[in-house]
Amino acid sequence: MSKFYVTTTIYYVNDVPHIGHAYTTLVGDVISRYWKLKLGDRNTFFLTGTDEHGQKIQQVAAEKKLSPKNFADSVVPRFKEAWKALDINYDFFIRTTDPRHEKVVIKLLKKIRKNGYIYKGIYKGLYCVGCEKFLVESDLVDGKCQLHPNKKPEYQEEENYFLKLKELSERVLNKIENGEYEILPQKRKNEIVSRLKQGVDDISISRAGVSWGIPLPWDKNHTIYVWVDALINYFSATQFLRGKKKFWPADIHVIGKDIVWFHTVIWQALLIAAGVELPKVILAHGFFTIDGQKISKSLGNVISPQQLVERYGSSDAVRYLLLSASQTGEDADISFQRFDEKYQSDLANGLGNLVQRVTKLCELKNFVQSFISPNLSNIPNLPSSFSSHLENFEFNLVLEELWKDFGALDAKINLDKPWEKSDDEAGKNLKVYVEKILQLTLPLSIFLPLTATKIQQIFKGPKISAPSTPLFPRLTIA
Ligand code: MSP
């Protein structure tokens, strides 16, 4: 593989970022950092951004007495700040209100129409503004949307343009079954295949009653359905940014489990209809709950990424806590108590203490030696246990593996007891410890980039001394 293109979902600007959004973005970041190590910065492209059109944004902006665009402009910096606080190294932040994106959307829709996959009809049905979608039978429980049970779905009947999804879905199913693109984890693929086999209806791709969107090029009384506009972001960025065309098709779309249908059926149907190559992998992660409850504004339990950075003192601590909180693809319940405990055991008493301990021993035993650290922009020899977990998106397992190695080193120090040895004898042990720690900075840098760099500086030598503040100071709030 000579290039790698990873995307995250683009976030609705009706809300400010919370740790659910942060998880999607962190997964994208880790994948991107791994490929940047393998292929270099120039051959890896990591895209994230915001989803700014549609009825939901229009409504929230009206409540705030702002134009939708001004409202979006006020929220976008919140996302950028959050990603900065988490040390997310994205290459481009796309906004669906960017005229360059809008142009690509229009071009693609014209092509789909020219290819005969769009027709005009009447849509009658229930619409959930929260999901920005028409509801089908299986979305309903007691007549309400399962994901937004507090909001009554709106009955809508309007003239719409439709995509021939029914016809296209046979080709979509074929491609999934032939493995032309992958849906991960397997259980999500099974769900999609079984839903496709039950048969699907054509879908509406324009809205007559929503003004906040991209006007349909051949009928200005309609705007393009927000999901169609949003999905195209993954493709449009590669078309309007200079030198990025080579990145399409995307190698992986990172998404949450709630939007798998859009990313594995609708998106592919649109691309097939337009004659554009399909993305290769769609990875759906699970959902976080907090103390057993859904993350929601009305429950008042929303945690922002910055709140966690403040509590745990560094972006790396938060990256560690979020990425180790779940098995990729599975749901996980989180709580401050569990995060506090994990911070103390794995970071303060774990890695932080190990580094402090080895540096103190170096001081005690007058250890003087220079070391050459692995190059953190190049990956000649990442141990296969790490790379295979990384390529299978088992992020929590990479971290477990790494912490096992840190633990084993700690245990070895206990056995060796270098503090009881002569400086010369202890020096032989210390050399092994430092080399091992430095070797582990390479996989570590994908997850905890600042810590990996700090560790390399600490152990550069020739004189090694304990840092004045430990890498992960013990929590005082707990
Ligand atoms: N705008 C659409 C995506 C369009 S992509 C072409 C959207 N936005 S969102 O802001 O509602 O959600 C963005 C991401 O956050 C999704 O991947 C979603 O799964 C994720 N999460 C939202 N809440 C979450 C949790 N509680 N836990 C984990 N991830 C969650 O959907």
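Quantities reported herein were computed from a predicted structural model and do not represent experimental measurements. Computed from heavy atoms alone, side chains included, the values below leave out hydrogens, waters and symmetry copies. Order of appearance sets the numbers: ligands from 1, and atoms from 1 within every ligand.
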Does a donor on one side chain sit under 3.5 Å from an acceptor on the other, for Q337 and E341?
yes
With respect to N233, determine whether any N or O atom, backbone or side chain, lies less than 3.5 Å from an N or O atom of ligand 1.
no
Any W267 heavy atom less than 4.0 Å from ligand 1:
no
Member of Y11, F288, F395 meeting the ring-ring contact (aromatic ring centres under 6.0 Å, His included) criterion with Y23:
F288
Got more than 12 heavy atoms from elsewhere within 6.0 Å of NZ, K187?
yes
Evaluate T9 for polar contact with ligand 1, using N/O atom pairs at a separation under 3.5 Å.
yes
Heavy-atom pairs closer than 4.0 Å: do any link ligand 1 to the side chain of K294, the backbone, both, or neither?
neither
Are any of the N/O atoms on G256, whether in the backbone or the side chain, positioned under 3.5 angstrom from an N/O atom of ligand 1?
yes
Could you note down all residue pairs passing side-chain hydrogen bond (donor to acceptor under 3.5 Å, both in side chains) where residues 77-91 supplies at least one of them, sequence neighbours left out?
K36-D91
Of the backbone atoms (N, CA, C, O) and the side-chain heavy atoms from C-beta on, which set of F262 has a member under 4.0 Å from an atom of ligand 1: side chain, backbone, both, or neither?
neither
For residues 167-217, which residue pairs qualify under ring-ring contact (aromatic ring centres under 6.0 Å, His included), counting only residues two or more places apart or in two chains?
H53-W212
Kindly confirm or rule out an N or O of D258 lying under 3.5 angstrom from an N or O of ligand 1.
yes
Using a 4.0 Å heavy-atom cut-off, which part of Y12 comes near ligand 1: side chain, backbone, both, or neither?
both
Between Q55 and E154, do the side chains contain an N or O donor and an N or O acceptor separated by less than 3.5 Å?
yes
Should E132 be listed as contacting ligand 1, given a heavy-atom distance under 4.0 Å as the test?
no
